[in-house]
Amino acid sequence: MSDTTLLGTLLDRISTRQARVGVIGLGYVGLPLAVEFARQGFEVTGFDVDPAKAAQINAGGSYIPDVAEAEVAAVVRAGKLQATTDMGRLGAMDAIDICVPTPLRKTKDPDLSYVVKAVEAVTAAVKRGQLIILESTTYPGTTDEVVQPMLEAKGLEADVDFFLAFSPERVDPGNQRFTTKNIPKIVGGVGELSTRAACALYATTVDHVVPVSSTRVAEMVKLLENTFRAVNIGLVNEIALMCHKMDIDVWEVIDAAKTKPFGFMAFYPGPGLGGHCIPIDPFYLSWKAKQSGFEARFIELAGQVNGAMPEYVVQRISDALNSVKKPVNGSRIHLLGMAYKRDVSDMRESPALDVLELLLRRGAAMSYSDPYVAELTHDGRVMTSIDPASALAQQPDCTVICTDHTVFDYDALVDSGALVVDTRNALKDRKSPGIFRL
Ligand SMILES: NC(=O)c1ccc[n+]([C@@H]2O[C@H](COP(=O)([O-])OP(=O)(O)OC[C@H]3O[C@@H](n4cnc5c(N)ncnc54)[C@H](O)[C@@H]3O)[C@@H](O)[C@H]2O)c1
């Protein structure tokens, strides 16, 4: 069969929903994607190394807040979604989407070990006519330098015998307005046929597909987007420190600046970067740039400014306690919100953990409230979330708003006259001598 016939067969199977879709890595990215394909009528198999996740999905459950249990249950009941740890079943798939983690090593170098493991499993099963797409965020060149040679090791050729593409995931956990379905999808194949195949698959589930000329462009698009955020957050964090020195309210400045209808986009200061993307992805880019002899100065600088924010928060806590003649050492300090952003449970890289660590090191007695994080382990020690009202009743020496979850009762906090450090402007327009803003 020629390559165009292989493509024709695959496109047919996609348009008639006969194509069997596999999603490797059923986390924040993979599970919503698997459910979306299943809802569009495909028979979807989710692959994960974690048997507990597979079991929960097969029982119609969900562990990702943005994916409703009812949605999972409906597609599982309809026989459209099942999950497994058996990678041997990859050979039965027509299309495979890889959504495994891409963290950093301690040295801040890319850790591609999860991608390599997943691609090894795909290589063992790769067959003619299959479409393989990498969605994990990574540096430009990963798909054609790392993934493609592995997949071709058994003698099949990409864009001829099978199709290979990169398509970055842009999902924003907790965002109700923009979801997997209505966020435009960038797609770049290793060749024209691969781009067409991947575009056809996504067009069944995503409202708008944007083809680009190569996998490298697609990889770079994602890193530009996240570097743009990291650098702008770094800039606004520095402006916040500057404004503090000059006794100007940075939040009021940003609110006024954003009335400009063009040429300005509001970013907000905070206790530091968090989540699986913004603190990590730019370093994938600077690492790769370094391989080409290029130093990514903005990325390094933003990393330094953003990385120093937890220390600055501790400085503000110290200022607040000092105003009532108390030291950090021995004070009872309560953190409100431990997740990395509002109304989500994701703790990855959360700056609240850095603030906790720095305060513990200075001898503070720490507690926290987070309705989304019932328990956390820090330095081998388990901490349990306290109901915010009980925490307030215990009158801590200082309360720190690390993450501005909507459910917190900010009026009660201010009315109590508590000493508060607000890192998120959650107490905007509320006045009290006890409020210390970032
Ligand atoms: N979370 C986000 O908001 C977001 C947004 C855009 C892009 N991304 C990118 O998407 C990728 C996945 O991120 P995530 O947040 O979904 O991660 P996650 O940790 O939530 O999920 C990854 C899943 O992959 C599984 N896994 C690990 N190795 C595996 C293997 N070899 N085979 C099968 N399963 C394996 C894990 O058990 C886990 O369930 C990363 O590259 C990330 O940078 C994440």
Side-chain angles (χ1 to χ4, degrees), residues 22-36 45-58 61-67 72 83-90 93 96-104 110-125 132-140 142-143 146-147 150 166-175 178-180 183-186 206 218-219 221-230 273-285 339-350:
V23 176
I24 307 182
L26 300 170
Y28 285 90
V29 167
L31 185 58
L33 191 69
V35 169
E36 205 51 56
T45 309
F47 297 83
D48 205 289
V49 286
D50 183 347
K53 283 184 178 162
Q56 202 172 339
I57 292 167
N58 289 333
S62 171
Y63 40 80
I64 300 288
D66 286 347
V67 181
V72 178
T84 180
T85 55
D86 177 7
M87 302 293 160
R89 289 170 60 185
L90 283 166
M93 301 297 122
I96 298 170
D97 237 304
I98 303 173
C99 309
V100 296
T102 43
L104 290 173
D111 176 1
L112 281 191
S113 60
Y114 298 89
V115 171
V116 167
K117 264 228 133 33
V119 175
E120 277 168 0
V122 178
T123 303
I132 295 146
I133 306 171
L134 180 63
E135 290 225 8
S136 302
T137 306
T138 185
Y139 59 78
T142 307
T143 309
V146 180
V147 178
M150 286 178 72
F166 181 82
S167 179
E169 177 52 60
R170 291 163 145 175
V171 72
D172 179 21
N175 193 327
F178 295 111
T179 59
T180 300
I183 299 173
K185 194 93 176 95
I186 303 289
V206 175
E219 289 158 338
V221 168
K222 174 72 184 175
L223 295 185
L224 168 62
E225 291 167 6
N226 283 358
T227 300
F228 175 83
R229 283 187 63 78
L273 297 181
H276 189 35
C277 293
I278 313 295
I280 292 171
D281 301 349
F283 292 102
Y284 267 70
L285 183 53
Y340 87 90
K341 73 171 180 178
R342 184 193 302 160
D343 300 343
V344 304
S345 60
D346 196 344
M347 292 288 293
R348 290 177 295 181
E349 313 292 325
S350 177

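Every number for a ligand or one of its atoms is a count from 1 in the order of the listing.
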How far is atom 17 (O) of ligand 1 from its nearest protein heavy atom, and which residue and atom is that? R348 NH1, 3.5 Å

So, the side chain of S167 versus the backbone of I186: is there a donor-acceptor pair under 3.5 Å, distance only? yes

Would you check if the side chain of K53 reaches a backbone N or O of S62 as a donor-acceptor pair within less than 3.5 Å? no

Can any side-chain N or O of D48 pair as donor or acceptor with the backbone N or O of L26 at less than 3.5 Å? yes

Has the side chain of E219 got a donor or acceptor atom that lies under 3.5 Å from a matching backbone atom of T143? yes

Honestly, for P168 the part within reach of ligand 1 (heavy atoms, under 4.0 Å) is neither

Can you tell me the protein heavy atom closest to atom 28 (N) of ligand 1 and the distance? Y114 CD2, 3.5 Å

Could you tell me, atom by atom, which parts of ligand 1 come under 4.0 Å of a heavy atom of G25? 23 (C), 24 (O), 25 (C), 34 (N)

Would you find more than 12 non-hydrogen atoms of other residues, nucleotides or ligands less than 6.0 Å from R342 atom CZ? no

As an exercise, identify every atom of ligand 1 less than 4.0 angstrom from a heavy atom of K222. 6 (C), 7 (C)

Per-atom filter on ligand 1: closer than 4.0 angstrom to a heavy atom of M87 are 32 (N), 33 (C)

Check E120 against ligand 1 and report side chain, backbone, both or neither, counting heavy atoms closer than 4.0 Å. neither

Polar atom proximity, D346 to ligand 1 (N or O, under 3.5 Å): no

Top protein contact for atom 21 (O) of ligand 1, by heavy-atom distance: G27 CA, 3.2 Å

Kindly say whether A83 contributes a backbone atom to a donor-acceptor pair with the side chain of N58 at under 3.5 angstrom? yes

Is there a polar contact, in the sense of an N or O pair closer than 3.5 Å, between K117 and ligand 1? no

Selection from T137, V100, D66 by shortest heavy-atom distance to atom 29 (C) of ligand 1: V100

Quick one: does T227's side chain have a donor or acceptor within less than 3.5 Å of a partner on P282's backbone? no

Of all protein heavy atoms, the one nearest atom 27 (C) of ligand 1 is P101 CD, 3.6 Å

Give a yes or no on whether the backbone of G274 and the side-chain of S350 come within a donor-acceptor separation of less than 3.5 Å. no

In this structure, atom 26 (N) of ligand 1 is nearest to the protein heavy atom V49 CG2, 3.8 Å

The protein heavy atom nearest to atom 2 (C) of ligand 1 is C277 SG, 4.0 Å

About how many Å separate CZ of R170 and CD1 of I183, when rounded to the nearest 0.5 Å? 8.0 Å

Using a strict cut-off of 4.0 Å, indicate which atoms of ligand 1 neighbour a heavy atom of I24. 32 (N), 33 (C)

Polar contacts were defined as any N/O atom of the residue lying under 3.5 Å from an N/O atom of the ligand; does this apply to Y28 and ligand 1? yes

Donor-acceptor under 3.5 Å (Y284 side chain, P103 main chain): yes

Kindly indicate, with the supporting measurements, whether the criterion side-chain contact (heavy atoms from CB on, under 4.5 Å) is fulfilled by L31 and Y63. CA-CA 9 Å; L31 185 58; Y63 40 80; 4.2 Å; yes

Once you restrict to heavy atoms under 4.0 Å, what part of C99 touches ligand 1? Side chain, backbone, both or neither. backbone

Checking side-chain contact (heavy atoms from CB on, under 4.5 Å) against L90, which of T123, T84, V122, I132 comes through? V122

Using atom types as modelled and distance alone, determine if a side-chain donor or acceptor of K222 lies under 3.5 Å from a backbone N or O of E169. yes

Which ligand 1 atoms does T102 reach within 4.0 Å, using its non-hydrogen atoms? 40 (C), 41 (O), 43 (O)

Please determine if V29 has a nitrogen or oxygen closer than 3.5 Å to a nitrogen or oxygen of ligand 1. yes

Atoms of ligand 1 less than 4.0 Å from V171 heavy atoms? 3 (O), 5 (C)

Protein heavy atom at shortest distance from atom 42 (C) of ligand 1: H276 CD2, 3.4 Å

for atom 25 (C) of ligand 1, nearest protein heavy atom and its distance come out as D48 OD2, 3.3 Å

